[in-house]
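Below: the structure, in C-alpha coordinates.
Just so it is clear: chains get the letters A, B, ... in the order the sequence lines come, proteins before strands, and each one is counted from 1.
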There are 2 protein chains.
Amino acid sequence: MPLKPLHCVRGPINLDRFHDLCDRLHQKEYKLTPQRKIILQALLLDEDGHLSAEDLYGIVKQQHPEIGLATVYRTLELLADMDILQKMDFGDGRLRYELTGDEAHHHHHLICTQCGKVYEFEDDLLDSLEQAIQKRKNFKIVDHQLKFFGICHHCQNQETRD
Amino acid sequence: MPLKPLHCVRGPINLDRFHDLCDRLHQKEYKLTPQRKIILQALLLDEDGHLSAEDLYGIVKQQHPEIGLATVYRTLELLADMDILQKMDFGDGRLRYELTGDEAHHHHHLICTQCGKVYEFEDDLLDSLEQAIQKRKNFKIVDHQLKFFGICHHCQNQETRD
DNA sequence: ATCTGTGCAAATAGTTTGCAAAGAA
DNA sequence: TTCTTTGCAAACTATTTGCACAGAT
(Lines give C-alpha, C1' and ligand atoms only; values in the text may rest on other atoms or scores of the structure.)
Protein backbone atom coordinates (compact mmCIF):
# COMPACT_ATOMS: atom_id res chain seq x y z
CA MET A 1 0.00 0.00 0.00
CA PRO A 2 2.86 2.45 0.18
CA LEU A 3 2.82 3.47 -3.44
CA LYS A 4 -0.14 5.68 -4.09
CA PRO A 5 -0.26 7.35 -7.47
CA LEU A 6 1.76 10.53 -7.51
CA HIS A 7 -0.24 13.64 -8.14
CA CYS A 8 0.90 17.23 -8.33
CA VAL A 9 4.30 16.24 -9.56
CA ARG A 10 5.74 18.50 -12.17
CA GLY A 11 8.29 16.27 -13.76
CA PRO A 12 9.14 12.64 -14.19
CA ILE A 13 10.60 11.03 -11.11
CA ASN A 14 12.16 7.69 -10.64
CA LEU A 15 9.23 5.72 -9.23
CA ASP A 16 11.31 2.70 -8.33
CA ARG A 17 13.61 4.84 -6.29
CA PHE A 18 10.70 6.58 -4.62
CA HIS A 19 9.09 3.25 -3.83
CA ASP A 20 12.35 1.98 -2.42
CA LEU A 21 12.81 4.98 -0.15
CA CYS A 22 9.26 4.68 1.14
CA ASP A 23 9.94 1.06 1.96
CA ARG A 24 13.02 2.02 3.88
CA LEU A 25 10.95 4.36 6.02
CA HIS A 26 8.46 1.55 6.60
CA GLN A 27 11.16 -0.84 7.61
CA LYS A 28 12.31 1.55 10.28
CA GLU A 29 8.71 1.95 11.49
CA TYR A 30 8.59 5.55 10.42
CA LYS A 31 5.23 6.82 9.30
CA LEU A 32 4.75 7.70 5.68
CA THR A 33 3.19 11.10 6.01
CA PRO A 34 2.24 13.29 3.06
CA GLN A 35 4.91 15.78 4.16
CA ARG A 36 7.60 13.14 4.03
CA LYS A 37 6.39 11.84 0.69
CA ILE A 38 6.34 15.24 -0.85
CA ILE A 39 9.80 16.03 0.48
CA LEU A 40 11.13 12.79 -0.97
CA GLN A 41 9.52 13.63 -4.30
CA ALA A 42 11.05 17.06 -4.31
CA LEU A 43 14.47 15.59 -3.60
CA LEU A 44 14.09 13.06 -6.40
CA LEU A 45 12.86 15.73 -8.75
CA ASP A 46 15.68 18.13 -8.11
CA GLU A 47 18.30 17.96 -10.81
CA ASP A 48 21.16 19.91 -9.32
CA GLY A 49 21.00 18.41 -5.86
CA HIS A 50 22.54 20.62 -3.20
CA LEU A 51 19.24 21.94 -1.92
CA SER A 52 19.13 23.76 1.38
CA ALA A 53 16.30 23.31 3.86
CA GLU A 54 14.88 26.66 2.88
CA ASP A 55 15.12 25.75 -0.83
CA LEU A 56 13.15 22.60 -0.21
CA TYR A 57 10.68 24.43 1.98
CA GLY A 58 9.98 26.80 -0.89
CA ILE A 59 9.44 23.97 -3.35
CA VAL A 60 7.36 21.83 -1.06
CA LYS A 61 5.14 24.65 0.15
CA GLN A 62 3.71 25.06 -3.32
CA GLN A 63 1.97 21.72 -3.07
CA HIS A 64 1.51 21.62 0.69
CA PRO A 65 1.18 25.22 1.84
CA GLU A 66 0.59 24.43 5.52
CA ILE A 67 3.85 22.55 5.83
CA GLY A 68 6.17 23.92 8.50
CA LEU A 69 9.83 24.71 8.06
CA ALA A 70 10.56 22.68 11.19
CA THR A 71 9.05 19.64 9.54
CA VAL A 72 11.36 20.07 6.59
CA TYR A 73 14.35 20.28 8.93
CA ARG A 74 13.18 17.24 10.91
CA THR A 75 12.60 15.22 7.78
CA LEU A 76 15.98 16.10 6.34
CA GLU A 77 17.61 15.17 9.62
CA LEU A 78 15.77 11.86 9.58
CA LEU A 79 16.77 11.09 6.02
CA ALA A 80 20.36 12.01 6.74
CA ASP A 81 20.38 9.70 9.75
CA MET A 82 19.11 6.93 7.49
CA ASP A 83 21.89 7.69 5.03
CA ILE A 84 19.37 8.52 2.37
CA LEU A 85 20.79 12.03 2.29
CA GLN A 86 24.22 13.48 2.80
CA LYS A 87 24.58 16.79 4.56
CA MET A 88 26.90 19.14 2.75
CA ASP A 89 28.39 22.36 3.97
CA PHE A 90 29.62 24.72 1.28
CA GLY A 91 30.50 27.46 3.69
CA ASP A 92 27.62 29.75 2.81
CA GLY A 93 26.03 29.44 6.21
CA ARG A 94 23.42 26.86 5.38
CA LEU A 95 23.52 23.10 5.08
CA ARG A 96 22.64 21.49 1.79
CA TYR A 97 21.36 18.00 1.19
CA GLU A 98 22.16 15.57 -1.54
CA LEU A 99 20.69 12.14 -2.21
CA THR A 100 23.21 9.49 -1.36
CA GLY A 101 24.25 7.98 -4.64
CA ASP A 102 26.37 5.22 -5.92
CA GLU A 103 29.02 4.41 -3.34
CA ALA A 104 31.26 3.21 -6.15
CA HIS A 105 33.09 6.43 -6.77
CA HIS A 106 33.31 9.78 -5.15
CA HIS A 107 32.60 13.14 -6.56
CA HIS A 108 33.97 16.45 -5.42
CA HIS A 109 32.38 19.86 -5.51
CA LEU A 110 33.38 22.92 -7.46
CA ILE A 111 31.84 25.96 -5.83
CA CYS A 112 31.69 29.18 -7.79
CA THR A 113 32.44 32.01 -5.41
CA GLN A 114 30.77 34.46 -7.77
CA CYS A 115 27.37 32.95 -8.45
CA GLY A 116 27.30 30.26 -5.76
CA LYS A 117 26.50 27.44 -8.18
CA VAL A 118 27.90 24.03 -7.30
CA TYR A 119 29.33 21.71 -9.93
CA GLU A 120 30.47 18.15 -9.51
CA PHE A 121 33.60 16.37 -10.54
CA GLU A 122 34.02 12.61 -10.53
CA ASP A 123 37.24 11.24 -9.21
CA ASP A 124 38.74 8.44 -7.17
CA LEU A 125 42.18 9.90 -6.68
CA LEU A 126 41.83 10.26 -2.97
CA ASP A 127 41.77 6.59 -2.09
CA SER A 128 45.52 6.23 -2.09
CA LEU A 129 45.89 9.42 -0.10
CA GLU A 130 43.47 8.09 2.48
CA GLN A 131 45.47 4.95 2.93
CA ALA A 132 48.66 6.94 3.36
CA ILE A 133 47.02 8.99 6.10
CA GLN A 134 45.62 5.95 7.87
CA LYS A 135 49.11 4.56 8.13
CA ARG A 136 51.18 7.64 8.73
CA LYS A 137 48.87 9.37 11.18
CA ASN A 138 47.06 6.35 12.53
CA PHE A 139 43.82 8.15 11.83
CA LYS A 140 40.85 5.99 10.90
CA ILE A 141 39.14 7.84 8.07
CA VAL A 142 35.39 7.58 7.85
CA ASP A 143 34.63 10.27 5.33
CA HIS A 144 36.19 13.07 3.39
CA GLN A 145 35.19 16.25 1.69
CA LEU A 146 37.04 17.95 -1.10
CA LYS A 147 35.87 21.32 -2.28
CA PHE A 148 37.31 23.59 -4.89
CA PHE A 149 36.48 27.26 -4.81
CA GLY A 150 36.84 29.41 -7.87
CA ILE A 151 35.12 30.98 -10.84
CA CYS A 152 32.91 28.89 -13.07
CA HIS A 153 32.90 28.92 -16.83
CA HIS A 154 29.83 31.08 -16.96
CA CYS A 155 31.11 33.76 -14.61
CA GLN A 156 34.48 33.85 -16.33
CA ASN A 157 32.76 34.90 -19.52
CA GLN A 158 30.90 37.69 -17.80
CA GLU A 159 34.12 39.04 -16.38
CA THR A 160 34.85 41.85 -18.81
CA ARG A 161 36.89 44.05 -16.50
CA ASP A 162 37.22 44.54 -12.74
CA MET B 1 57.25 52.95 17.02
CA PRO B 2 55.16 49.90 16.28
CA LEU B 3 57.24 47.47 18.25
CA LYS B 4 56.71 48.11 21.90
CA PRO B 5 58.09 45.49 24.25
CA LEU B 6 55.64 42.68 24.73
CA HIS B 7 54.34 42.30 28.25
CA CYS B 8 51.86 39.82 29.63
CA VAL B 9 52.83 37.21 27.11
CA ARG B 10 52.93 33.72 28.42
CA GLY B 11 55.20 32.10 25.93
CA PRO B 12 57.79 32.92 23.33
CA ILE B 13 56.39 34.44 20.19
CA ASN B 14 58.02 35.17 16.92
CA LEU B 15 58.79 38.86 17.28
CA ASP B 16 59.80 39.30 13.67
CA ARG B 17 56.53 37.90 12.54
CA PHE B 18 54.64 40.08 15.00
CA HIS B 19 56.53 43.14 13.84
CA ASP B 20 55.81 42.29 10.26
CA LEU B 21 52.08 41.91 10.85
CA CYS B 22 51.96 45.23 12.70
CA ASP B 23 53.66 46.84 9.75
CA ARG B 24 51.11 45.40 7.39
CA LEU B 25 48.35 47.00 9.43
CA HIS B 26 50.21 50.29 9.31
CA GLN B 27 50.63 50.11 5.59
CA LYS B 28 46.89 49.76 5.17
CA GLU B 29 46.35 52.73 7.49
CA TYR B 30 44.72 50.60 10.14
CA LYS B 31 45.24 51.70 13.71
CA LEU B 32 47.36 49.55 15.94
CA THR B 33 45.09 49.28 18.94
CA PRO B 34 45.97 47.25 22.02
CA GLN B 35 43.08 44.93 21.21
CA ARG B 36 44.49 44.20 17.78
CA LYS B 37 47.97 43.72 19.13
CA ILE B 38 46.84 41.32 21.77
CA ILE B 39 44.77 39.35 19.29
CA LEU B 40 47.76 39.08 16.99
CA GLN B 41 49.89 37.90 19.88
CA ALA B 42 47.36 35.29 20.85
CA LEU B 43 47.26 34.03 17.28
CA LEU B 44 51.03 33.83 17.12
CA LEU B 45 51.17 32.10 20.48
CA ASP B 46 48.64 29.47 19.66
CA GLU B 47 50.25 26.19 18.73
CA ASP B 48 47.39 24.21 17.31
CA GLY B 49 45.92 26.96 15.21
CA HIS B 50 42.26 26.42 14.40
CA LEU B 51 41.01 28.83 17.03
CA SER B 52 37.42 29.98 16.93
CA ALA B 53 36.37 33.52 17.71
CA GLU B 54 35.10 32.42 21.07
CA ASP B 55 38.36 30.57 21.78
CA LEU B 56 40.33 33.71 21.08
CA TYR B 57 37.92 35.81 23.07
CA GLY B 58 38.56 33.60 26.09
CA ILE B 59 42.31 33.85 25.73
CA VAL B 60 42.40 37.54 25.05
CA LYS B 61 40.02 38.46 27.83
CA GLN B 62 42.51 37.29 30.42
CA GLN B 63 44.82 40.14 29.57
CA HIS B 64 42.23 42.64 28.38
CA PRO B 65 39.05 41.91 30.32
CA GLU B 66 37.01 44.76 28.86
CA ILE B 67 37.47 43.57 25.30
CA GLY B 68 34.24 42.87 23.44
CA LEU B 69 33.45 39.75 21.50
CA ALA B 70 32.42 41.95 18.59
CA THR B 71 35.90 43.41 18.49
CA VAL B 72 37.36 39.94 18.24
CA TYR B 73 35.04 39.15 15.35
CA ARG B 74 35.83 42.43 13.62
CA THR B 75 39.55 41.96 14.02
CA LEU B 76 39.43 38.42 12.71
CA GLU B 77 37.40 39.60 9.76
CA LEU B 78 39.96 42.34 9.11
CA LEU B 79 42.88 39.96 9.31
CA ALA B 80 41.15 37.49 7.04
CA ASP B 81 40.51 40.24 4.50
CA MET B 82 44.19 41.08 4.62
CA ASP B 83 45.02 37.41 4.01
CA ILE B 84 46.83 37.25 7.33
CA LEU B 85 44.32 34.64 8.43
CA GLN B 86 42.40 31.93 6.67
CA LYS B 87 38.86 31.19 7.69
CA MET B 88 38.22 27.49 8.16
CA ASP B 89 34.93 25.74 8.56
CA PHE B 90 35.10 22.30 10.11
CA GLY B 91 31.36 21.85 10.19
CA ASP B 92 30.98 22.27 13.92
CA GLY B 93 28.98 25.43 13.55
CA ARG B 94 31.72 27.93 14.20
CA LEU B 95 34.42 29.37 12.01
CA ARG B 96 38.04 28.83 12.93
CA TYR B 97 41.01 30.93 11.98
CA GLU B 98 44.50 29.94 11.02
CA LEU B 99 47.50 32.11 10.27
CA THR B 100 48.26 32.05 6.59
CA GLY B 101 51.48 30.14 6.23
CA ASP B 102 53.89 29.17 3.59
CA GLU B 103 52.16 29.17 0.24
CA ALA B 104 54.62 26.56 -0.95
CA HIS B 105 52.66 23.48 -0.03
CA HIS B 106 49.21 22.79 1.19
CA HIS B 107 48.09 20.95 4.20
CA HIS B 108 44.82 19.17 4.73
CA HIS B 109 42.83 18.69 7.90
CA LEU B 110 42.01 15.52 9.73
CA ILE B 111 39.04 16.15 11.98
CA CYS B 112 38.29 13.67 14.73
CA THR B 113 34.55 13.26 14.94
CA GLN B 114 34.86 11.94 18.47
CA CYS B 115 36.92 14.58 20.27
CA GLY B 116 36.83 17.38 17.70
CA LYS B 117 40.58 17.80 17.56
CA VAL B 118 42.05 18.86 14.24
CA TYR B 119 45.26 17.40 12.88
CA GLU B 120 47.16 18.46 9.83
CA PHE B 121 48.59 16.53 6.95
CA GLU B 122 51.06 17.92 4.46
CA ASP B 123 50.53 17.07 0.84
CA ASP B 124 50.74 18.46 -2.66
CA LEU B 125 48.86 15.73 -4.45
CA LEU B 126 46.02 17.95 -5.43
CA ASP B 127 47.90 20.15 -7.85
CA SER B 128 47.53 17.77 -10.75
CA LEU B 129 43.89 17.26 -9.94
CA GLU B 130 43.37 21.01 -9.96
CA GLN B 131 44.88 21.32 -13.39
CA ALA B 132 42.68 18.52 -14.70
CA ILE B 133 39.61 20.30 -13.40
CA GLN B 134 40.66 23.64 -14.85
CA LYS B 135 40.84 22.05 -18.24
CA ARG B 136 37.99 19.62 -18.18
CA LYS B 137 35.45 21.86 -16.47
CA ASN B 138 36.83 25.23 -17.47
CA PHE B 139 36.62 26.21 -13.83
CA LYS B 140 39.25 28.64 -12.58
CA ILE B 141 40.26 27.31 -9.18
CA VAL B 142 41.23 29.85 -6.56
CA ASP B 143 41.30 27.68 -3.48
CA HIS B 144 40.50 24.23 -2.23
CA GLN B 145 39.70 22.51 1.00
CA LEU B 146 40.24 18.88 1.76
CA LYS B 147 38.96 17.50 5.03
CA PHE B 148 39.06 13.99 6.33
CA PHE B 149 36.66 12.97 9.05
CA GLY B 150 37.36 10.00 11.24
CA ILE B 151 38.70 8.76 14.53
CA CYS B 152 42.08 9.94 15.75
CA HIS B 153 44.76 7.77 17.25
CA HIS B 154 43.90 8.81 20.76
CA CYS B 155 40.20 8.10 20.51
CA GLN B 156 40.81 4.76 18.82
CA ASN B 157 42.69 3.61 21.89
CA GLN B 158 39.87 4.64 24.17
CA GLU B 159 37.40 2.65 22.11
CA THR B 160 37.14 -0.51 24.17
CA ARG B 161 33.68 -1.59 23.04
CA ASP B 162 30.66 0.14 21.62
C1' DA C 1 -6.72 3.81 20.07
C1' DT C 2 -2.07 4.73 20.27
C1' DC C 3 1.78 7.04 19.81
C1' DT C 4 4.51 9.27 16.06
C1' DG C 5 4.64 13.38 13.47
C1' DT C 6 3.21 18.16 12.67
C1' DG C 7 2.72 23.34 12.93
C1' DC C 8 3.56 27.10 15.49
C1' DA C 9 6.17 30.03 18.19
C1' DA C 10 9.82 30.57 21.13
C1' DA C 11 14.61 29.35 22.06
C1' DT C 12 19.45 28.79 20.62
C1' DA C 13 24.08 29.71 18.86
C1' DG C 14 27.26 31.99 16.13
C1' DT C 15 27.94 36.15 14.03
C1' DT C 16 26.90 41.03 12.58
C1' DT C 17 25.50 45.74 13.14
C1' DG C 18 24.05 50.55 15.06
C1' DC C 19 25.47 53.85 17.94
C1' DA C 20 27.65 56.82 21.22
C1' DA C 21 31.86 57.11 23.57
C1' DA C 22 37.06 56.10 23.71
C1' DG C 23 41.38 56.65 21.81
C1' DA C 24 45.26 56.25 17.99
C1' DA C 25 47.26 59.21 14.60
C1' DT D 1 41.60 67.27 16.51
C1' DT D 2 39.83 63.90 13.40
C1' DC D 3 38.24 59.84 12.07
C1' DT D 4 38.87 54.95 13.10
C1' DT D 5 37.89 51.61 16.51
C1' DT D 6 35.62 49.96 20.54
C1' DG D 7 32.02 47.98 23.86
C1' DC D 8 27.49 47.19 24.51
C1' DA D 9 23.16 45.61 23.31
C1' DA D 10 20.10 44.58 19.93
C1' DA D 11 19.51 42.39 15.42
C1' DC D 12 20.10 38.55 12.30
C1' DT D 13 20.14 33.87 10.31
C1' DA D 14 20.04 29.08 10.21
C1' DT D 15 18.53 25.60 12.96
C1' DT D 16 16.36 23.26 17.07
C1' DT D 17 12.97 22.46 20.52
C1' DG D 18 8.52 22.36 23.56
C1' DC D 19 4.00 21.64 23.31
C1' DA D 20 -0.75 20.67 22.19
C1' DC D 21 -3.09 18.89 18.39
C1' DA D 22 -3.50 16.13 13.97
C1' DG D 23 -3.22 12.02 11.80
C1' DA D 24 -0.85 7.31 10.10
C1' DT D 25 -0.94 2.71 11.53
Regarding [X], tell me which of base, sugar-phosphate or nothing describes its non-hydrogen contacts under 4.0 Å with the strands shown.
| X | answer |
| --- | --- |
| B:P65 | nothing |
| A:Q35 | sugar-phosphate |
| B:E66 | sugar-phosphate |
| B:I67 | sugar-phosphate |

Between [options], which one does the side chain of [X] approach most closely?
| X | options | answer |
| --- | --- | --- |
| A:H26 | C:dT6, C:dG14, D:dT25 | D:dT25 |
| B:A70 | D:dT15, C:dT17, D:dG7 | C:dT17 |
| A:K31 | D:dT25, D:dT15, C:dT6 | D:dT25 |
| B:E77 | C:dT16, D:dT15, C:dT15 | C:dT16 |
| A:T71 | D:dG7, D:dA24, C:dT6 | C:dT6 |
| A:R74 | D:dA24, D:dT6, D:dG18 | D:dG18 |
| B:Y30 | C:dG7, D:dT15, D:dT5 | D:dT5 |

**Asked** Considering residues, nucleotides and ligands other than B:E29, do more than 12 of their heavy atoms fall under 6.0 Å from its CD?
**Response** no
**Complete:** When B:E54 and A:V72 are each assigned the nearest nucleotide of DNA chain C, the 5'-most assignment goes to A:V72
**Prompt:** Where each residue is assigned the nucleotide of DNA chain C containing its nearest heavy atom, which of B:R94 and B:T33 is assigned the position nearer the 5′ end?
**Reply:**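 Mapping each residue to its closest nucleotide by heavy atoms, the 5'-most match is B:R94.
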Rounded to whole Å, please give me the gap between [atom1] in [X] and [atom2] in [N].
| X | N | atom1 | atom2 | result |
| --- | --- | --- | --- | --- |
| B:L76 | D:dT5 | CG | P | 15 Å |
| B:Y73 | D:dT6 | OH | C1' | 17 Å |
| B:K61 | D:dG7 | NZ | C1' | 13 Å |

**Message:** Working note: B:M82 + B:Y30, criterion side-chain contact (heavy atoms from CB on, under 4.5 Å); need CA distance, chi angles, decisive distance, verdict.
**Reply:** CA-CA 11 Å; B:M82 293 178 69; B:Y30 294 132; 3.8 Å; yes
**Item:** B:K87/B:E77 ion pair, N-O < 4.0 Å
**Value:** yes
**Prompt:** Of B:R36 and B:Y57, whose nearest nucleotide on DNA chain D comes first from the 5' end?
**Reply:** B:R36
